[in-house]
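Scroll down for the structure; my scribbles are underneath it.
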There are 2 protein chains.
Amino acid sequence: MGEGDRIAIPSVVDVVVDELRALILAGTFGPGERLIEERICERFGISRPPLREALRVLQREGLVSSRPRRGYSVISLSDDDVREIYSLRGALERLAAELAVPVADENALSPLEEAIGAMRTAASDGDDSAMLAANVAFHSAFVALADHSRLQQSYELLRSQLQLCMAQNLRFRQHRTGDPWDVVRRHESLLERVRGGDVQEVVAELAEHGDRSFLRQEQ
Amino acid sequence: MGEGDRIAIPSVVDVVVDELRALILAGTFGPGERLIEERICERFGISRPPLREALRVLQREGLVSSRPRRGYSVISLSDDDVREIYSLRGALERLAAELAVPVADENALSPLEEAIGAMRTAASDGDDSAMLAANVAFHSAFVALADHSRLQQSYELLRSQLQLCMAQNLRFRQHRTGDPWDVVRRHESLLERVRGGDVQEVVAELAEHGDRSFLRQEQ
DNA sequence: CTATTGGCTTTTGTAGACAATAGTCTTACA
DNA sequence: TGTAAGACTATTGTCTACAAAAGCCAATAG
């Protein structure tokens, strides 16, 4: 026995963390909104202890903040916060490139190809939401190439914060998508450089890549 | 009223997080050791809910791991983990350098000077423990120059994991300190480059700095 | 009419108890 | 004697309940 097919039985806390995060990222709970424990408990049909553990986790993830004896509330990101997120993200992607390139086996790149395929479909359909999802998928897959669990974890954290920012930017006019096909082209170019195997070129491409979709004010 | 001198009354959870982390980093709880909730509650004189919240936080920090229905235990770091930590730390320090250099006001560098002063004292006294503390203080102060809260937070996380690793390396023979004065010299050199204001030079110095004290096996 | 104080409500922080599960030891059977 | 099934113990997962603190509203005094 013990062939690695052990099923994972999630605890209530795990489920609540995912559910709450989804609700926050979807904008169901707006920026700065207070999260009254009892309300949420009633909503989810659970008791407070697991909810409180879940809130602690989300606090650590940077999605909610807690003031002692004043409870939890959804954070609202300032422009400085967004700049922090982008600069850190850039540093992480650069490390990912340095560790991943040159890529050992070609098969590892298939998730990137698939993401680009999804981008093309989205660009044809004019589906901005799908475009965004594919973009995120590409970058996550790119970081995954580095095979570095801590790097990936840190990256996912920033990703969710960016997603939160997007949810809070109700006025993200087509999330500043100039030309969707330009986005596709940039990612194709990046993948090409990855295939090329020259770390310097990939890093340079990343630096120029400059995907600042979520930034409210330029520079 | 309201002059910003509001005192912070920490919750039990906050205190427990700090205390538990200290105990783990001090090696009181060894690698892989199970953390029985009731024992710790009795030890601290608290009840289980706040302890559980604290354990969730430490899990997020990467100091303990939890297996469903099998409770929490102190993580034990593999060599690969240590390599991950070092590579990520390097990327974060590079970002810090790029953001901080050139330094606007000279006064910001005084923590670095103080840390080097402490290093000199420690080197004279042959106090390896103080040497290590000063080393950590220098790097933390360096990262703080970037004025980037998320960067600093990520860095502190890695720092505590490194500290955990050190606690677990009971056989860290003088933590591989070749010559303490060499360490002092390297940090002096780094500070000089920071003063110089050339980002490239600082980054290059950092890359060469290569402080791999905690690594068990070279490469 | 305004400011301050007192009580009241809402919400969080903590405690204790119960139920369920995993690990372990014993015992019975092959 | 070895193996497997069962019960038992220890520990976690969850819930209900109580106590304490913060914010709000009204009432009263200046």
Side-chain angles (χ1 to χ4, degrees), chain A residues 1-21 23-24 28-61 63-75, chain B residues 1-21 23-24 28-60 63-76:
Chain A
M1 65 179 91
E3 277 149 24
D5 52 356
R6 294 187 57 138
I7 60 172
I9 294 134
S11 69
V12 173
V13 177
D14 296 327
V15 176
V16 170
V17 166
D18 290 339
E19 191 65 25
L20 253 186
R21 181 170 36 219
L23 286 177
I24 291 174
T28 307
F29 298 111
E33 184 172 341
R34 284 192 60 186
L35 299 172
I36 309 299
E37 298 182 2
E38 203 156 347
R39 304 273 175 74
I40 302 175
C41 287
E42 196 177 358
R43 180 172 186 160
F44 287 171
I46 57 168
S47 75
R48 284 179 51 218
L51 174 69
R52 285 176 62 84
E53 290 183 27
L55 285 171
R56 286 276 175 202
V57 171
L58 292 177
Q59 180 187 8
R60 263 352 237 197
E61 289 189 10
L63 293 183
V64 306
S65 67
S66 97
R67 294 165 62 190
R69 318 200 176 279
R70 228 173 285 189
Y72 293 86
S73 50
V74 179
I75 63 162
Chain B
M1 66 176 92
E3 279 150 22
D5 52 356
R6 294 187 56 140
I7 61 172
I9 294 134
S11 70
V12 172
V13 177
D14 296 327
V15 177
V16 170
V17 166
D18 290 340
E19 190 65 25
L20 254 185
R21 180 169 37 217
L23 285 177
I24 291 174
T28 307
F29 297 111
E33 184 171 343
R34 284 193 61 186
L35 299 173
I36 309 299
E37 299 181 3
E38 202 156 349
R39 304 274 174 77
I40 302 174
C41 287
E42 197 177 358
R43 178 171 186 160
F44 287 171
I46 57 169
S47 74
R48 284 180 52 215
L51 174 70
R52 285 176 61 85
E53 290 183 27
L55 285 170
R56 285 279 177 201
V57 171
L58 292 177
Q59 181 187 7
R60 272 342 243 201
L63 292 183
V64 307
S65 67
S66 95
R67 293 165 64 189
R69 321 211 168 271
R70 229 172 286 189
Y72 293 86
S73 50
V74 179
I75 63 163
S76 59

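Lettering of chains follows the sequences in order, A, B, ..., and the numbering in each one begins at 1.
Taking atom CZ on A/Arg67 and atom P on C/dT11, their separation rounds to 16 Å, with Å as the unit. For the pair A/Arg39 CZ and C/dT11 C1', the interatomic distance rounds to 10 Å; values are reported in whole Å. In this structure, the CZ atom of B/Arg70 is 15 Å from the C1' atom of C/dA20, given to the nearest Å. The interatomic distance linking A/Leu55 (CG) with C/dG13 (P) rounds to 10 Å, in whole Å. Between the CD1 atom of A/Ile40 and the P atom of C/dT11 there is a distance of 12 Å, given to the nearest Å.
Taking A/Val12 as the reference, A/Val16, A/Ile46, A/Pro50 meet the side chain to side chain contact (heavy atoms under 4.5 Å, CB included) condition, with sequence neighbours excluded. Under the side chain to side chain donor-acceptor pair (under 3.5 Å) criterion, B/Ser11 pairs with B/Asp14, not counting sequence neighbours. Scanning for side chain to side chain donor-acceptor pair (under 3.5 Å) contacts around A/Arg60 gives B/Glu61, with sequence neighbours left out. In this structure, the side chain to side chain contact (heavy atoms under 4.5 Å, CB included) partners of A/Pro49, at least two apart in sequence or on a different chain, are A/Ser47.
For DNA chain C, the residues of residues 28-38 of chain A within the heavy-atom distance limit of 4.0 Å (strictly under) are A/Arg34, A/Leu35, A/Ile36, A/Glu37, sorted by number.
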Using nucleotides 14-18 of chain C, report all nitrogen or oxygen pairs with the protein that are shorter than 3.5 Å.
from	atom 1	to	atom 2	distance (Å)
C/dT14	OP1	B/Val12	N	2.9
C/dA15	OP2	B/Ser47	N	2.8
C/dA15	OP2	B/Ser47	OG	2.8

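For the salt bridge (Lys or Arg N to Asp or Glu O under 4.0 Å) condition, the pairs that include at least one residue of residues 38-51 of chain B, sequence neighbours left out, are B/Glu37-B/Arg48.
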